[in-house]
Enquirer: 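Here it is, the structure, as structure tokens.
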Amino acid sequence: MKVYLDILQGFNAQEFQQDLISWFEQEQRDLPWRVNKDPYRVWISEIMLQQTRVEAVKPYYKNFMEKFPTLTDLADAAEDEVLKAWEGLGYYSRARNLQAAVREVRDTYGGIVPNTPEEIGKLKGVGPYTKGAILSIAYDIPEPAVDGNVMRVMSRILSIWEDIAKPKTRQLFEDVIRQVISHDNPSYFNQGLMELGALICIPKNPSCLLCPVRQHCRAFHEGVQKELPVKSKAKEPKLVPIVAGVFRTPNGKYVVNKRPSTGLLANMWEFPNVEVKEGITNHKQQLMYHMKEQFDLHVEVGEYTLNIQHGFTHRTWDIFVFEGMVQQEVIETETLKVMSREEMEERTFSRSHQKIYEACTKK
DNA sequence: AATTCGTGGCC
DNA sequence: TGGCCAAGAAT
């Protein structure tokens, strides 16, 4: 905490609050979730706005409020109906967690959204940001609500050069906000910071000449507003070599398996494959060994066919594809099947394996 | 701490 | 056109 005292040295928090809040009173956008402070309505908006743009949320929010006007309506609704109302918004676990949390409020808190950090923070889908947003906006409680906007704005205002991509950095900004938040109007203070980040203090080419708090902004005075915030890029994806086998049975069908129900590409179908262990150069032999170990299948591996690269956020698969034949009858299980082309068309394969499929069935 | 989870808009 | 996101949370 001592470190932050240096950051706030000479910063006039009170004038900053006034300028920010006055601006928000004047310039705030007319948004459907700003008609009142109903905690339920605020809650829904905050969940929908997670990682989602305002313009995308608007129509969903309106529709959602017509279908589920009160907390009780949402709690009593069928889950399918809720998911249907969420269809197209993305991050669907938000909808499931939201309804579970709303039911928790109905059953445990008599239908009243709790107003303490401890209680509200326990609700499913309510993390540090959403907790502070509901408490401040709906209940006028001076809690930080630190999202990407707030970190960008405050890193410029106070010239903070910590990497905002690191999870730990959010804690620093929460501590800073606790020191400078308005206790008279925490709602407009928090919303003002986010609105400023959305309209003026935008990521690229911020409109500093229109900014209501530029006289408080250290980055502006130092001319480094475009250098902030510091946000490290995701590190270069690691190249992961993989050997995959397109094995056919004597009657022309294909051997495929289903991925585990958790983790990367959960439940998707694919051609049998294995990550190449470091130092192993004999791909053919490793694939044969994998088929024996994993599926107890003796296979004959033919010649190397093609190479495919497929990118994810943090890794790139470098797939070496071999074609081959199975030398015995395949015992099918839930996760290992022999399929014709027609049967495969009806299953879900990951993109990478669709590429393999197309390449190997073209001829 | 690192991964995963969706979608549409932007330059 | 393809990266880069945008009012994060769960695991």
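Here is how names work: the chains are called A, B, and so on, in the same order as the sequence lines, proteins then strands, and each is numbered from 1.
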Enquirer: Whole-Å distance between B:dA1 C1' and A:Asp163 CG?
Expert: 13 Å
Enquirer: Could you tell me how far apart A:Met48 (CE) and B:dG8 (P) are, to the nearest whole angstrom?
Expert: 15 Å
Enquirer: If you round to the nearest 0.5 Å, how far is CD of A:Glu275 from CD of A:Gln286?
Expert: 9.0 Å
Enquirer: When the C1' atoms of B:dG6 and C:dC4 are compared, how many Å lie between them, rounded to an integer?
Expert: 15 Å
Enquirer: Does B:dT7 have OP1 or OP2 sitting under 4.0 Å from an N or O in the side chain of A:Tyr92?
Expert: yes
Enquirer: Holding to side-chain contact (heavy atoms from CB on, under 4.5 Å), I want the full list of residues that pass it with A:Ser340, two or more places apart in sequence or in another chain.
Expert: A:Lys253, A:Glu342, A:Glu343
Enquirer: At under 4.0 Å between heavy atoms, how does the protein contact nucleotides 5-11 of chain C? Give one character per nucleotide, 5' to 3', with B, S or -.
Expert: BBBBSS-
Enquirer: Using links of under 4.5 Å between side-chain heavy atoms of ILVMFWY residues, direct or through other members, which residues join A:Val230 in one cluster?
Expert: A:Trp161, A:Val224, A:Leu228
Enquirer: Rounding to the closest angstrom, what is the interatomic distance between C:dA10 and B:dG8 at atom C1'?
Expert: 24 Å
Enquirer: Name all residues meeting the side-chain contact (heavy atoms from CB on, under 4.5 Å) criterion together with A:Tyr91; count only those two or more places apart in sequence or in a different chain, and write none if there are none.
Expert: A:Gln51, A:Arg94
Enquirer: Measuring only the P atom in each nucleotide, how far is C:dA7 from B:dC11? A whole number of Å is fine.
Expert: 16 Å
Enquirer: From CG of A:Asn205 over to C1' of B:dC11, roughly how many Å is that when rounded to an integer?
Expert: 11 Å
Enquirer: Under the rule for side-chain contact (heavy atoms from CB on, under 4.5 Å), what residues qualify as partners of A:Ile202, not counting sequence neighbours?
Expert: none
Enquirer: Looking across every strand, which nucleic acid part, if any, lies under 4.0 Å from A:Ile47 by heavy atom: base, sugar-phosphate, or nothing?
Expert: nothing
Enquirer: What salt bridge (charged side-chain N to carboxylate O under 4.0 Å, His left out) pairs are there with at least one residue in residues 285-294 of chain A, not counting sequence neighbours?
Expert: A:Lys292-A:Asp296
Enquirer: Taking CD1 from A:Ile202 and P from B:dG9, how many angstroms apart are they, rounded to a whole number?
Expert: 18 Å
